[in-house]
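Because the structure is predicted, anything quoted here is derived from the model rather than measured. Quick note on labels: first sequence line is chain A, next is B, and so on, each numbered from 1.
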Amino acid sequence: MIPILAYQYVKKRNEANRRKMAEEPTSNSAGRSVMPDVVVLRLSAVGAKNNEDETYVSGVLQVVEKARGVFIEWTPAEDSPVSGWVLADGNDENALLSTSPPQRSFRENVNKLKFSMDVNDLNSFKHVEPKKGDPMIRLIGRDGSSQVPLYFRQTSTSAFIDCLQKYITLRRSSKDPNLVLVVDEKADILAKSVVALDNNSDILSRFMGNPYATAMTGLGKITAYMQEQVIPALLDSDEVGAEDKIRAMRELRNDDEFGDRIRVYRGEDQGDFEVVTQLELPPRPEIYRETPVTKQIWDSYKNPHGSFDQRNLHNLKMCVFRGGVEPELRKEAWKYLLGYIRWNESLAEHKLRRQELEKDYYRMKGQWMSINAEQESRFLMFSNRKSLVEKDVARTDRTYKYFEGEGNANLTRLHDVLMTYCMYNFDLGYVQGMSDFCSPILFVLEDEVDAFWCFTKLMDIVHSNFAEDQLSIKQQLNQLHDLVMIVNPKLCNYLESHQSDDMYFCFRWILVWFKREFSFEDTSKLWEVLWTKQPCTNFLLLICVAILDKETEFIIANGFGLTEILKHVNELSMHINLDEVLSAAEAIFHQLSASQDKLPKYVLDHLRLSEPDPY
Amino acid sequence: MSSGPRKKALLKVIILGDSGVGKTSLMNQYVNKRFSNQYKATIGADFLTKDVMIDDRLVTMQIWDTAGQERFQSLGVAFYRGADCCVLAYDVTNSTSFKNLDSWRDEFLIQANPRDPDHFPFVLLGNKMDLEQNRAVSSKRAQTWCQSKNNIPYFEVSAKEALNVESAFQAIARDALARESQDSQDFPDFPDQIRLDPNQNNRQQGGGCNC
């Protein structure tokens with residue numbers, strides 16, 4: 001009831017304000033109202049983290065009552081915090097243009113962080129209060145979007161949270177202690193009505209009796225309604241005490257009849273229920289990442305002529321898998337990991353072969369370069385490809401120094417490598433996403449010829465991602481679904497009941513191997529780890545599983561649906577801790593590997609666990 | 001008496017068009033009032049939301065941005081469904097992007113499968129008017145095409161210069177809203193009440209939802 005009173009109070013005060021201020025002119029952005037904004041709370045030491053460059057920007061957090069509603073707003077400190085928020089209007093633009101370019105891009109970056117959010121659009125927030133360091137709050141919208149993380153410098157978050165509670169009801173999630181949910185009144189009333197049900201009624205009472213067990217095991221597919229409304233209501237409600245939950249779970253272990261009952265539902269041919277045999281995986285082992293392979297370690301595996309001894313290769317690859325390689329070593333190591341230089345090839349042999357490859361590269365480069373405008377006018381397919389490459393090169397990683405600025409020679413190289421690839425593999429040509437694969441290769445290899453041949457090797461691995469029919473991507477998404485079903489059936493059930501079991505929200509991850517989700521440095525590390533093909537061929541999928549596994553409680557507690565899941569997953573970009581994810585993925589691999597005899601054949605096939613080490 | 005969110009209409013708008021015509025830029029210019037020539041090629045799908053007032057009604061626009069290369073369309077079709085308006089975008093300096101409009105329109109109608117395809121609201125945006133000196137498609141040609149498609153509204157805009165973007169999206173919102181009010185029965189905002197009768201059999205325990 002408190003929020004309602006607060007709302008009415010605010011409404012009354014707003015009305016009073018409106019009467020009082022009716023005569024005053026105002027430049028309110030709503031335009032149709034003369035009500036001025038009222039700043040209810042102002043905290044001036046709240047910093048935001050810019051995840052692109054890991055910097056913190058100090059700023060001001062405000063709660064403002066406006067004609068259109070109550071807004072939570074954060075502005076960088078240098079900015080005028082009270083006015084001009086909603087739209088960076090024409091004047092702002094002019095101001096930006098008048099400053100010198102480096103300042104402008106800094107300004108742009110800082111301005112990108114500011115936000116204004118209607119409290120009614122708030123779905124939840126992450127609230128982390130570490131023992132050391134500043135408490136953090138990250139607001140999550142109803143559409144699944146996340147605002148920038150806010151760090152409360154030398155100040156507690158309580159004033160802000162107290163202020164929010166004047167407008168909305170908040171409750172800490174019982175599943176994720178760092179998550180605070182905005183309680184939807186309708187759902188809350190529903191929860192109470194469900195809890196008030198008589199025990200012997202029907203399936204609802206089964207959920208009452210065995211909420212955790214029912215939610216997390218037996219039912220493969222239940223309706224979104226059940227999952228969104230009923231189960232959370234029961235799991236989260238205070239009416240089902242912790243003791244009852246523990247008792248219910250104990251009872252379930254001895255409850256053989258439970259499984260039979262589930263099958264009965266399916267026997268009625270409802271289609272809503274499906275039996276899922278849940279496989280209990282062994283506990284997830286603790287995995288630690290190691291330091292990157294140094295030049296010294298790398299060289300210690302070499303024979304005097306520069307080739308690698310086949311017998312030690314597995315060890316070396318495991319070292320790369322566990323820690324990646326040092327950045328200075330990349331230029332050399334990538335040539336081997338991608339198979340451009342063969343492991344058993346001496347440096348002299350490679351030098352000889354490279355001469356041929358260089359000639360071959362310039363031969364193919366000459367092919368497209370010799371097509372003049374007049375010829376191009378009758379060669380639509382070529383012309384289309386060329387314009388696609390040009391468009392994409394102009395917008396590939398331009399924020400990185402290596403590709404920055406107009407007329408950058410590295411952009412020309414990227415363009416030439418991609419165009420030459422079109423001649424090398426004319427059937428495939430250029431497809432969007434390829435420039436994402438090519439840019440780190442060029443950055444690391446520097447040399448155009450080496451970069452081209454390494455790129456062709458990488459494309460040998462991922463070319464099917466770009467096929468016209470997109471079959472390979474669909475297949476990988478299906479495989480991912482199967483793996484999530486084994487590793488985290490609870491999440492899998494949730495996704496199924498929210499029309500998300502096609503796993504489309506992981507499309508970008510798979511298409512360009514997380515290139516859009518990590519920094520250049522982390523992407524490089526991730527790729528070299530994957531190129532070792534250790535500990536299994538499809539480790540990429542286990543990385544997807546590990547990230548989703550970590551997001552499970554967050555997704556479910558927020559009640560995200562199809563669109564919100566996509567938004568949330570898109571916004572994980574640049575917020576994923578690579579080492580953590582690699583450790584988790586490896587741990588999941590060990591869990592699966594230890595259960596090989598119990599896993600369905602198709603799951604083993606997905607990971608190619610049944611195949612011997614390719615080396 | 002509710003302290004929950006006010007009931008806002010949700011308008012789902014899909015932007016389609018060739019790669020590089022400026023779909024992401026148009027969306028960002030409208031929602032965030034920003035332009036950057038550093039947007040990457042869109043992979044997969046993403047959306048932005050914006051609250052707008054349309055004739056005294058507060059509506060939430062959910063604007064979907066998609067990849068421009070055709071082969072990537074088939075996977076994301078789940079997001080086309082329930083669209084209230086489809087924005088077709090082309091680049092006024094690129095005649096191929098104009099020629100492909102027909103196939104984008106057809107593709108949308110096939111995938112989204114709206115109930116009344118002949119009257120489904122489309123809007124055409126000719127982007128990059130800031131480069132008018134390089135213009136390859138005349139206004140007249142674009143208008144003729146629009147007339148042939150049941151009078152699709154047409155706007156010439158520049159995401160870079162924020163030219164006409166606001167008014168174009170206002171029109172898009174209006175068109176979408178008109179459809180939304182016709183079709184409101186498509187989107188019930190709350191599931192049926194739960195049936196509490198203990199005598200009812202298991203069949204109805206899903207609460208009437210057949211997802």
Side-chain angles (χ1 to χ4, degrees), chain A residues 3-4 7 30 32 68 87-89 108 118 120-121 142-143 167-169 184-186 190 193-194 197-198 200-204 223-226 229 265 268 270 272 384 388 391-392 395-396 398-399 431-433 435 468 470 473-474 497 499 502 504 507-508 511-512 516 562-563 566-567 570, chain B residues 1-6 8 12 19-20 32-49 51 53 56 58 60 62 64 67-72 74-76 78-79 94 96 162 190-192 194-211:
Chain A
I4 297 165
Y7 186 72
R32 300 170 317 102
R68 290 171 53 192
L87 319 172
D89 56 25
E108 271 178 7
D118 188 334
N120 283 331
D121 289 332
R142 286 190 189 276
D143 63 359
Y167 311 102
I168 46 180
T169 315
D184 179 357
E185 251 197 18
K186 278 180 186 169
L190 180 73
S193 72
V194 168
L197 277 177
D198 192 11
N200 58 12
S201 55
D202 50 29
I203 192 166
L204 289 176
T223 64
Y225 170 75
M226 277 294 192
Q229 309 288 345
Y265 297 139
E268 286 174 18
Q270 279 231 105
D272 280 345
N384 284 347
L388 205 54
K391 272 176 199 157
D392 278 8
R395 50 185 177 163
T396 301
R398 296 301 298 281
T399 48
V431 184
Q432 290 196 309
S435 69
E468 183 88 56
Q470 290 289 289
I473 294 276
K474 285 174 198 161
S497 57
Q499 300 84 46
D502 62 3
Y504 177 77
F507 174 80
R508 193 170 75 193
L511 184 80
V512 291
R516 297 288 178 92
L562 173 76
T563 53
L566 177 88
K567 190 77 187 167
N570 280 350
Chain B
M1 65 158 275
S2 169
S3 71
R6 292 151 296 174
K8 284 188 238 174
K12 190 168 170 179
S19 171
N32 295 321
K33 307 286 162 206
R34 274 201 290 263
F35 176 81
S36 160
N37 44 21
Q38 290 171 344
Y39 293 127
K40 296 175 178 180
T42 305
I43 296 181
D46 201 0
F47 66 90
L48 289 176
T49 49
D51 285 355
M53 291 296 290
D56 284 344
L58 184 62
T60 300
Q62 187 183 77
W64 283 82
Q69 207 161 2
E70 211 186 324
R71 68 190 67 196
F72 295 131
S74 65
L75 274 156
F79 300 103
N94 178 329
T96 312
F190 200 68
D192 289 352
I194 341 163
R195 292 162 222 274
L196 302 181
D197 185 347
N199 297 322
Q200 278 182 321
N201 67 24
N202 292 334
R203 232 173 260 273
Q204 278 156 318
Q205 281 151 10
C209 174
N210 49 11
C211 305

**Study point:** Atom group of B:Glu70 that falls short of 4.5 Å from chain A, counting heavy atoms
**Key:** neither

Practice item. Quick one: pull up CG in A:Asp118 and CG in B:Leu58 and give me the separation to the nearest 0.5 Å. Key: 8.0 Å

Review point. What option among A:Ile473, A:Val512, A:Val431 has the most heavy-atom pairs under 4.5 Å with chain B?
Key: A:Val431

Study note, to complete from the structure: Heavy-atom nearest pair, B:Arg71 first then A:Gln470, reads O-CG, 3.2 Å

Review point. How long is the gap from OG1 on A:Thr399 to NZ on B:Lys40, to the nearest 0.5 Å?
Key: 5.5 Å

Point to revise | Closest non-hydrogen atom pair between B:Phe47 and A:Asp143, with its separation | key: CZ-O, 3.4 Å

Exercise for review: Count the heavy-atom pairs under 4.5 Å between each of B:Ala78, B:Ser74, B:Ala45 and chain A, then report the option with the highest count.
Suggested key: B:Ala45

Exercise for review: Not counting sequence neighbours, which residues clear side-chain hydrogen bond (donor to acceptor under 3.5 Å, both in side chains) with B:Ser19? List them please.
Suggested key: A:Arg395, A:Gln432

Point to revise | Nearest-0.5 Å distance that lies between atom OG1 in A:Thr563 and atom NZ in B:Lys12 | key: 7.0 Å

Point to revise | A:Asp121 side chain near B:Thr60 side chain, heavy-atom distance below 4.5 Å | key: no

Exercise for review: Apply the salt bridge (Lys or Arg N to Asp or Glu O under 4.0 Å) test between B:Asp46 and each candidate in A:Arg508, A:Arg516, A:Lys567; give the one that qualifies.
Suggested key: A:Lys567

Review point. Any side-chain heavy-atom pair from B:Thr49 and A:Arg142 closer than 4.5 angstrom?
Key: no

Review point. What distance separates B:Leu75 CG from A:Lys474 NZ, expressed to the nearest 0.5 Å?
Key: 5.5 Å

Review point. So A:Tyr504 and B:Phe79, would you call those rings parallel, tilted or perpendicular, with 30° and 60° as cut-offs?
Key: tilted

Exercise for review: Output the option from B:Gly68, B:Gly44, B:Ala41 having the highest count of non-hydrogen pairs under 4.5 Å with chain A.
Suggested key: B:Ala41

